[in-house]
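These notes are about the structure you will find just below.
Just so we're clear, the structure is a prediction, and the values are computed from it rather than from any experiment.
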Amino acid sequence: MESQARSRTALVEQLMERYPDVPREAVIKEDLLRGGMAFDESALSGSAGADGGGEVKPKSYFIFSFDHRTLPELGAAALNRPPEEVVLTGGPYGLRRTVVSVRVNPDSPYRVGAGDDGTLGLYLDGARIADVGLPPMPDYYRHTLANGKSVMEVAPTIQWGYLIYLTVFRVCQYFGAKEECQYCDINHNWRQHKAAGRPYTGVKPVEEVLEALAIIDRHDTARASQAYTLTGGAITSHVGGRDEADFYGQYAKAIEERFPGRWIGKVVAQALPREDVQRFHDYGVRIYHPNFEVWDKRLFELYCPGKERYVGRDEWHRRILDSTEVFGPENVIPNFVAGVEMAEPFGFTTVDEAIASTEEGLRFFMSRGVVPRFTTWCPEPTTPLGKANPQGAPLEYHIRLLQTYRGTLEEFGLSSPPGYGPAGPGKAVFSVSSFMDSLTG
């Protein structure tokens with residue numbers, strides 16, 4: 001494991017030298033995603049709230065907190081929201097344009113602040129390593145629905161505006177220590193926003209979603225938004241009298257009827273039986289994300305107890321493969337949470353073991369034409385794994401995963417998955433991991 005005494009700069013540069021085939025942009029991005037970034041108050045001045053009145057697009061907390069502290073512990077970053085994302089360029093490493101999701105950590109060695117000339121920069125161990133660009137407040141965020149709700153609350157956009165993220169069910173029916181995934185804070189994120197008095201709609205009415213999308217469609221004249229994702233917590237019984245396929249599917253059906261072909265329709269849901277998956281497709285969904293979370297059998301059972309209890313790992317994987325007969329292998333894109341493989345006390349203790357396990361999962365899916373993607377684990381402090389592992393997984397693991405992912409993709413003659421925008425360093429917009437930054441554009 002990485003020595004706490006070693007400066008982060010030395011570690012980063014050492015790993016850049018050891019793995020020169022991994023873009024430097026991806027090394028910095030993965031370190032920011034796994035460990036977070038701090039903000040000077042001057043860097044928060046443009047995103048005062050969710051009413052569209054600021055100049056910077058604020059963090060929407062679109063599904064998880066993706067922070068290393070709870071809202072009450074964030075201080076100014078809670079009162080004056082940080083940006084949704086930042087874009088990094090230049091500096092001593094010559095970074096090409098790199099979009100990074102913001103994960104706030106007041107104790108991070110990375111800090112966003114203004115330099116002597118007033119321009120924002122990213123500082124590591126006190127030295128400026130990149131220029132920082134902030135996302136401008138989009139025109140559609142400056143408008144509200146008829147009931148006064150903000151577009152950001154109903155239909156926030158991420159990935160520098162590419163993706164509309166529709167978390168239409170803000171809690172998960174896997175509830176409590178015996179069912180919740182051990183790295184997931186969706187239920188706590190709901191509770192903390194409600195406790196803070198922030199608007200955070202539990203179930204978003206279809207009509208509100210359509211109204212928000214109409215505002216985006218009208219004001220997104222550059223057509224930056226190209227896809228939407230429908231998602232939320234797992235549904236083990238019903239919501240509003242509907243099972244999971246019909247609950248999420250009703251939104252896709254309404255969107256496609258109102259805005260036919262305007263956006264690529266994606267849904268993140270459980271691995272459902274084929275007849276339910278067919279309903280997703282019939283409703284107009286074109287990309288299906290039945291996330292497999294973590295590959296190792298023992299860790300899946302420990303980390304995803306609800307999914308193991310209700311479905312089971314082997315059945316989960318069978319359902320993923322069955323869904324390729326409905327959507328086609330290239331349109332089935334399961335996510336996994338990169339880094340939890342090494343979470344104490346149950347995870348692998350060496351990077352070699354963790355990479356070998358994850359590679360086994362990548363080969364299982366890619367050999368069948370299915371290209372997984374991954375989110376870099378953020379150890380949120382209210383989750384069991386986050387509490388036990390505040391530092392997350394070693395940076396070396398994340399860098400070697402990028403290397404392994406690209407190598408496995410090339411071995412099976414596959415390309416980057418659809419619905420994620422452009423690939424390649426300097427081009428990618430996918431912000432919660434670097435897998436798109438690391439592929440050939």
With a 4.0 Å cut-off on N to O distance, would you call Glu153 and Arg170 a salt bridge? yes
Aromatic ring proximity, centroids under 6.0 angstrom, Phe430 and Phe435: yes
Identify the two heavy atoms, one from Val311 and one from Glu315, that lie closest to each other, and give their separation to 0.1 Å. O-CB, 3.4 Å
Hey, mind stepping through Tyr174 and Gln270 against side-chain contact (heavy atoms from CB on, under 4.5 Å) and telling me if it holds? CA-CA 11 Å; Tyr174 291 137; Gln270 297 192 84; 2.4 Å; yes
Would you check, one step at a time, whether the test side-chain contact (heavy atoms from CB on, under 4.5 Å) holds for Thr408 with Glu359? CA-CA 8 Å; Thr408 309; Glu359 183 178 10; 4.3 Å; yes
For the student: nearest non-hydrogen atoms of Val151 and Tyr140, plus distance: CG2-O, 3.3 Å
Pair Arg223 + Asp217: basic N to acidic O under 4.0 Å: yes
If you take all heavy atoms of Ala338 and His398, which pair is closest and at what distance? O-CE1, 3.2 Å
Please report the shortest heavy-atom distance between Ser416 and Ala423, naming the atom on each side. OG-CB, 4.0 Å
Could you tell me if Lys307 sits above the aromatic ring of Phe300, with its cationic atom closer than 6.0 Å to the ring centre and no more than 45 degrees from the axis? no
Strictly distance-based, threshold 3.5 Å: is any side-chain N or O of Ser225 a donor or acceptor partner for the main-chain N or O of Ile164? no
So, are Arg34 and Glu30 salt-bridged, with charged N and O less than 4.0 Å apart? no
Identify which one of Phe364, Tyr183, Trp377, Phe374 satisfies the ring pair (Phe, Tyr, Trp, His ring centres under 6.0 Å) criterion when paired with Phe336. Phe374
Can the ring centroids of Tyr251 and Tyr228 be said to lie less than 6.0 angstrom from one another? no
Under the side-chain contact (heavy atoms from CB on, under 4.5 Å) criterion, do Glu179 and Thr236 qualify, and how do the steps go? CA-CA 11 Å; Glu179 290 193 352; Thr236 58; 5.8 Å; no
With ring centroids as reference points, do His317 and Phe365 lie under 6.0 angstrom apart? yes
Leu439 and Pro425: which non-hydrogen atoms are nearest, and at how many Å? O-CD, 3.7 Å
Are Arg279 and Tyr283 in a cation-pi setup, meaning NZ or CZ lies under 6.0 angstrom from the ring centre and within 45 degrees of the ring axis? no
Closest approach of Trp295 and Ser357, non-hydrogen atoms and distance? CD1-O, 3.2 Å
